Amino acid sequence: MKLSDYIKNVPDFPIKGIQFKDITPLLADAKAFKNAVDQLAAFGREMKAEMVVGPDARGFIIGSAVANAMGVGFVPVRKPGKLPRATIQYDYDLEYGKNTLCMHQDAIRQGQRVLIIDDLLATGGTVGATVKLVETAGGTIAGLGFIIELVDLDGRGKLPGYPIKALIQY
Ligand code: AMP
């Protein structure tokens, strides 16, 4: 199955110069969505992950499906003011703009092996912030999984030593 057939490129969204990769056609196709989730879940099992962490908002969609397929739990990483209990937070730069991410401070057990899942790896800012949150909480990064990697932006270069799986590379 060629997963790239289910990704739509949208030029100049949300601002001029960005080639936005729209994953909604993939999510809408039961076979393509299952194929993507199964591949990422296989990677998570291979890396012996015990928990999946996914950043707001497309990381929730893919990450919770991957966690469910693996038979492990899911932890959401959210924008400020959304999580109801005590959080830890981290600030970072996006491909377009700035952001802060938060996670419940008791979400991860000491030494727990965590698979981070997001839809897309661009500059690595989002997943880098999520890595920091997991490590601050005492977790160990088992791996980082994405549907798409924008290779030219070299997010991988910012994440040395972490096992990375990307299903489609542009
Ligand atoms: P980055 O932090 O630069 O690695 O950007 C990754 C995050 O921003 C992911 O959560 C993506 O959903 C979103 N993102 C960044 N660039 C794009 C793009 N060209 N198309 C779709 N989503 C993007």
Side-chain angles (χ1 to χ4, degrees), residues 2-29 32-33 35-37 39-41 43-44 49 51-67 74-83 87-104 107 114-137 139 141-170:
K2 202 168 159 227
L3 288 181
S4 57
D5 288 349
Y6 299 87
I7 307 296
K8 281 209 159 67
N9 188 68
V10 185
D12 300 325
F13 182 87
I15 58 168
K16 209 169 169 43
I18 300 294
Q19 298 290 325
F20 191 86
K21 304 297 181 205
D22 178 19
I23 61 159
T24 61
L26 183 146
L27 299 177
D29 186 281
F33 190 15
N35 181 292
V37 166
Q39 287 193 63
L40 291 171
F43 172 64
M51 181 68 91
V52 174
V53 172
D56 212 336
R58 278 160 276 159
F60 295 173
I61 302 169
I62 321 287
S64 58
V66 170
F74 176 78
V75 171
V77 161
R78 300 207 65 179
K79 289 165 188 154
K82 298 287 188 188
L83 291 167
T87 60
I88 50 175
Q89 76 169 58
Y90 193 82
D91 304 315
Y92 69 102
D93 294 318
L94 272 181
E95 189 189 355
Y96 41 89
K98 275 189 183 291
N99 205 5
T100 301
L101 288 179
C102 303
M103 185 177 78
H104 275 142
V114 172
L115 173 69
I116 297 176
I117 294 285
D118 201 1
D119 65 326
L120 183 144
L121 174 63
T123 65
T126 306
V127 72
T130 307
V131 164
K132 287 276 194 278
L133 288 171
V134 169
E135 290 182 340
T136 301
I141 303 298
L144 313 173
F146 307 90
I147 294 185
I148 299 167
E149 176 180 6
L150 303 182
V151 177
D152 287 353
L153 294 174
D154 194 31
R156 267 178 204 260
K158 278 209 200 112
L159 303 159
Y162 297 110
I164 296 178
K165 169 98 177 170
L167 307 183
I168 305 166
Q169 293 178 318
Y170 291 99

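When a ligand or atom number is given, it counts from 1 through the structure's own listing order. Worth saying up front: this structure is predicted, and the values here are computed from it rather than measured.
The side chain to side chain contact (heavy atoms under 4.5 Å, CB included) test with Val127 singles out one residue from Ile116, Asp118, Ile117, Ile141, and that residue is Ile116. If you run side chain to side chain contact (heavy atoms under 4.5 Å, CB included) between Tyr92 and each of Thr123, Thr100, Thr126, only Thr126 comes through.
Under a 3.5 Å cut-off, the side chain of Asp56 and the backbone N or O of Lys79 do form a donor-acceptor pair. Between the side chain of Asp29 and the backbone N or O of Ala32 there is at least one donor-acceptor pair closer than 3.5 Å.
Residue Lys158 qualifies as enclosed at atom NZ: its count of foreign heavy atoms under 6.0 Å is above 12.
The closest heavy-atom contact to atom 9 (C) of ligand 1, among the options Asp118, Thr130, Thr123, comes from Asp118.
Interface atoms of ligand 1 facing Asp119, defined by a heavy-atom separation under 4.0 Å, are 9 (C), 10 (O), 11 (C), 12 (O). Against a heavy-atom cut-off of under 4.0 Å, Gly125 is close to the following atoms of ligand 1: 1 (P), 2 (O), 4 (O). Residue Arg58 has at least one heavy-atom neighbour below 4.0 Å for each of these atoms of ligand 1: 12 (O), 21 (C), 22 (N). Atoms of ligand 1 lying under 4.0 Å from any heavy atom of Thr126, numbered from 1 in the order shown and given with element: 1 (P), 2 (O), 5 (O), 6 (C), 7 (C).
If you look at Leu150 next to ligand 1, the close heavy atoms, those under 4.0 Å, all belong to the side chain.
Checked against a 3.5 angstrom limit, the closest N/O atoms of Gly124 and ligand 1 fall inside it. Between Ala122 and ligand 1, at least one N/O pair is under 3.5 Å apart.
For the residue pair Lys21 / Asn9, a side-chain donor-acceptor distance below 3.5 Å is found, with atom types taken as modelled.
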